[in-house]
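Just so it is clear, the model here is predicted, and its values are computed rather than measured. The first residue in the sequence is number 1, and the count goes up from there.
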Amino acid sequence: MRKENVPIDVLVTLNENYMEPLKVMLTSLHHNNLEENFRIWVIHESIGPKKMSDLKKLTDYFGWELHNEQITKNWLDKAPTIKRYPKEMYFRLLCGEILPQDVKKVIYLDPDILVINPINDLWEVDLEGNMIAAATHTGITNLTSEINKIRLGTDHEYFNSGVMLLDLEKTRANVNLEDILGVIEKHGAELLLPDQDVLNFLYGKHIKEVPEEIWNYDTRKAVSYYARSLSKHDLQWVISNTVILHFCGQPKPWNPNSDSRFTALYLHYMQLLTRLEKNFLG
């Protein structure tokens with residue numbers, strides 16, 4: 001248990017399209033971390049006042065601080081912001097520059113996530129001098145990581161950017177827009193997942209690996225996790241041990257055509273949120 005009133009800082013970067021999934025994610029975070037205090041940092045460009053007000057009602061109900069970090073500066077004007085390069089990509093990579101200097105570290109979470117167990121152990125990870133902690137999504141044979149090493153010309157694992165613990169003092173010293181733009185200009189045609197590719201290309205050597213089956217479980221790959229663990233990581237193991245379920249790819253669990261083995265769990269938290277909003281949030 002953390003010291004009283006000492007919060008865990010959680011960062012999200014998104015647009016209005018992901019506000020409902022964000023609220024589901026935060027509902028799951030609350031229900032499985034009742035003893036924790038959180039500060040939620042939302043970096044965005046254009047989320048409207050009504051949606052932010054609704055989000056604040058939820059975080060107020062949980063007893064958390066909500067920080068609305070709306071970007072109004074023009075320092076991204078020269079950055080490519082077509083569909084492949086949404087502004088939220090830059091907000092995530094440059095969060096150290098955006099957040100207040102007294103925020104020393106932060107857990108970044110994509111909104112298409114459920115937190116189903118306590119998250120404190122991720123917050124307390126010893127980065128051992130690294131800038132970031134993140135997980136890979138390797139599958140059974142590690143083939144994906146090897147392909148990405150060849151594609152990007154790197155010699156380290158390929159990390160998923162959807163869940164990260166960031167040392168913001170180190171990111172402020174090492175991450176800058178000019179380097180990011182340089183990679184996009186020189187290697188843009190080779191970038192399949194631009195924000196993730198840029199993260200790995202520029203900063204992969206400064207990332208500490210954490211176990212994906214605990215901290216960034218790709219719900220599409222349940223069979224791979226089960227096989228790789230020699231049948232240890234079955235559904236019961238996941239519910240007891242996995243902290244973060246990441247609904248990568250399509251369809252998302254809130255879509256009617258989703259039928260993965262974790263869709264029902266996601267819908268459960270959606271229903272909890274609906275009840276909260278109906279009965280307590282107005």
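If you take CH2 on W237 and OH on Y225, they are separated by 9.5 Å, rounding to the nearest 0.5 Å. For the atom pair NZ (K51) and CG (N15), the distance works out to 10.5 Å, reported to the nearest 0.5 Å. From M131, atom CE reaches atom CZ of R172 across 12.5 Å, with rounding to the nearest 0.5 Å. Atom CG of N257 sits about 12.5 Å away from atom NZ of K252, to the nearest 0.5 Å. For the atom pair CD of Q271 and CG of L276, the computed distance is 11.5 Å after rounding to the nearest 0.5 Å. Once rounded to the nearest 0.5 Å, the distance linking NE2 of H30 with OH of Y269 reads 11.0 Å.
In the hydrophobic clustering of this structure, L34 does not group with L273; members are Ile, Leu, Val, Met, Phe, Trp, Tyr whose side-chain heavy atoms approach within less than 4.5 Å, directly or through other members. Linking ILVMFWY side-chain heavy atoms closer than 4.5 Å, directly or via other members, places Y226 and V243 in two distinct hydrophobic clusters. Hydrophobic clustering (ILVMFWY, side-chain heavy atoms < 4.5 Å, transitive): F62 and L66 are in one cluster. M25 and M52 fall within a single hydrophobic cluster, where Ile, Leu, Val, Met, Phe, Trp and Tyr side chains are chained together by heavy-atom contacts under 4.5 Å. V103 and Y90 fall within the same hydrophobic cluster, defined by Ile, Leu, Val, Met, Phe, Trp and Tyr side-chain heavy atoms under 4.5 Å apart, directly or through other members.
Counting heavy atoms from C-beta outward, Y108 and V163 have side chains that stay 4.5 Å or more apart. Using a 4.5 Å cut-off on side-chain heavy atoms (C-beta onward), W215 and D121 make contact. Residues T171 and L93 have side chains not in contact (no heavy-atom distance under 4.5 Å, counting atoms from C-beta outward). Residues N120 and N33 fail the side-chain proximity criterion, which asks for heavy atoms closer than 4.5 Å. Side-chain atoms of I119 and I107, non-hydrogen and from C-beta on, do get closer than 4.5 Å to each other. Counting heavy atoms from C-beta on, the side chains of L55 and I47 never come closer than 4.5 Å. Residues N255 and Q250 are in side-chain contact: their nearest non-hydrogen atoms beyond the backbone lie under 4.5 Å apart. In this structure the side chain of T27 reaches within 4.5 angstrom of the side chain of L58, judged on heavy atoms.
Applying the side-chain contact (heavy atoms from CB on, under 4.5 Å) test to S229 and every residue at least two apart in sequence or in another chain returns K232, H233. Checked against salt bridge (Lys or Arg N to Asp or Glu O under 4.0 Å), R39 has the following partners two or more places apart in sequence or in another chain: D9.
With salt bridges taken as basic N to acidic carboxylate O contacts below 4.0 Å, one links E20 and K23. Taking a cutoff of 4.0 Å between a charged side-chain nitrogen and a carboxylate oxygen, K105 and D167 do not qualify as a salt bridge. Ion pair E128/K208 flagged as a salt bridge, since at least one NZ, NE, NH1 or NH2 atom sits closer than 4.0 Å to an Asp/Glu carboxylate oxygen.
When only modelled atom types and interatomic distance are considered, E88 and Y18 share no side-chain donor-acceptor pair under 3.5 Å. Defined by atom type and a distance below 3.5 Å, a donor-acceptor pair is present between the side-chain atoms of D112 and H246. Judged purely by distance below 3.5 Å, without hydrogens or angles, the side chains of N160 and Y158 never pair a donor atom with an acceptor atom. Between the side chains of N176 and D179, a donor-acceptor pair is found at a separation under 3.5 Å. Checked by atom type, the side-chain pair H137/N216 shows a donor-acceptor distance below 3.5 Å. Inspection of the S258 and T263 side chains reveals an N or O donor paired with an N or O acceptor under 3.5 Å.
Tested against V106 for a side chain to side chain contact (heavy atoms under 4.5 Å, CB included), the candidates V10, I8, L166 yield a single pass: L166.
Minimum heavy-atom separation, F159 to A134: CD2-O, 3.8 Å. Residues V210 and A135 share a closest heavy-atom pair of O-CB, 3.4 Å. Between L199 and S161, the shortest heavy-atom contact is CD2-CB, 3.7 Å. Minimum interatomic distance between L265 and I116 (heavy atoms only, all atoms of both residues): CD2-CG2, 4.0 Å. For the pair C95 and I43, the tightest heavy-atom approach, listed with the atom from each and the gap, is CB-CD1, 4.1 Å. Pairing each heavy atom of T59 with each of K56, the nearest pair is OG1-O, 3.2 Å.
A donor-acceptor pair under 3.5 Å links the side-chain atoms of S28 to the main chain of V115, judged by distance alone. Put simply, the side chain of N37 never gets that close to the backbone of W64: no donor and acceptor are under 3.5 Å apart. With hydrogens and angles disregarded, a donor-acceptor distance shorter than 3.5 Å links the side chain of N130 to the backbone of L127.
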Query raised in the report: Going through the distances and angles, do K221 and E213 end up as a salt bridge (Lys or Arg N to Asp or Glu O under 4.0 Å)?
Result: CA-CA 10 Å; K221 298 182 177 180; E213 63 272 17; over 6 Å; no

Query raised in the report: Please walk me through it: do L14 and E45 pass side-chain contact (heavy atoms from CB on, under 4.5 Å)?
Result: CA-CA 8 Å; L14 73 167; E45 184 185 40; over 6 Å; no

Query - Stepwise side-chain contact (heavy atoms from CB on, under 4.5 Å) check, L94 with V175 - result: CA-CA 7 Å; L94 296 165; V175 179; 4.0 Å; yes

Query raised in the report: Where do M89 and I184 land on the side-chain contact (heavy atoms from CB on, under 4.5 Å) test, with the steps shown first?
Result: CA-CA 12 Å; M89 159 186 138; I184 292 173; 3.7 Å; yes

Query raised in the report: Stepwise, does the side-chain contact (heavy atoms from CB on, under 4.5 Å) test hold for L22 with L26?
Result: CA-CA 6 Å; L22 170 61; L26 294 178; 4.0 Å; yes

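Relative orientation of the W254 and Y266 rings is tilted, given thresholds of 30° and 60° on the angle between their planes.
Here the two rings, on F262 and Y217, have centers that are under 6.0 Å apart.
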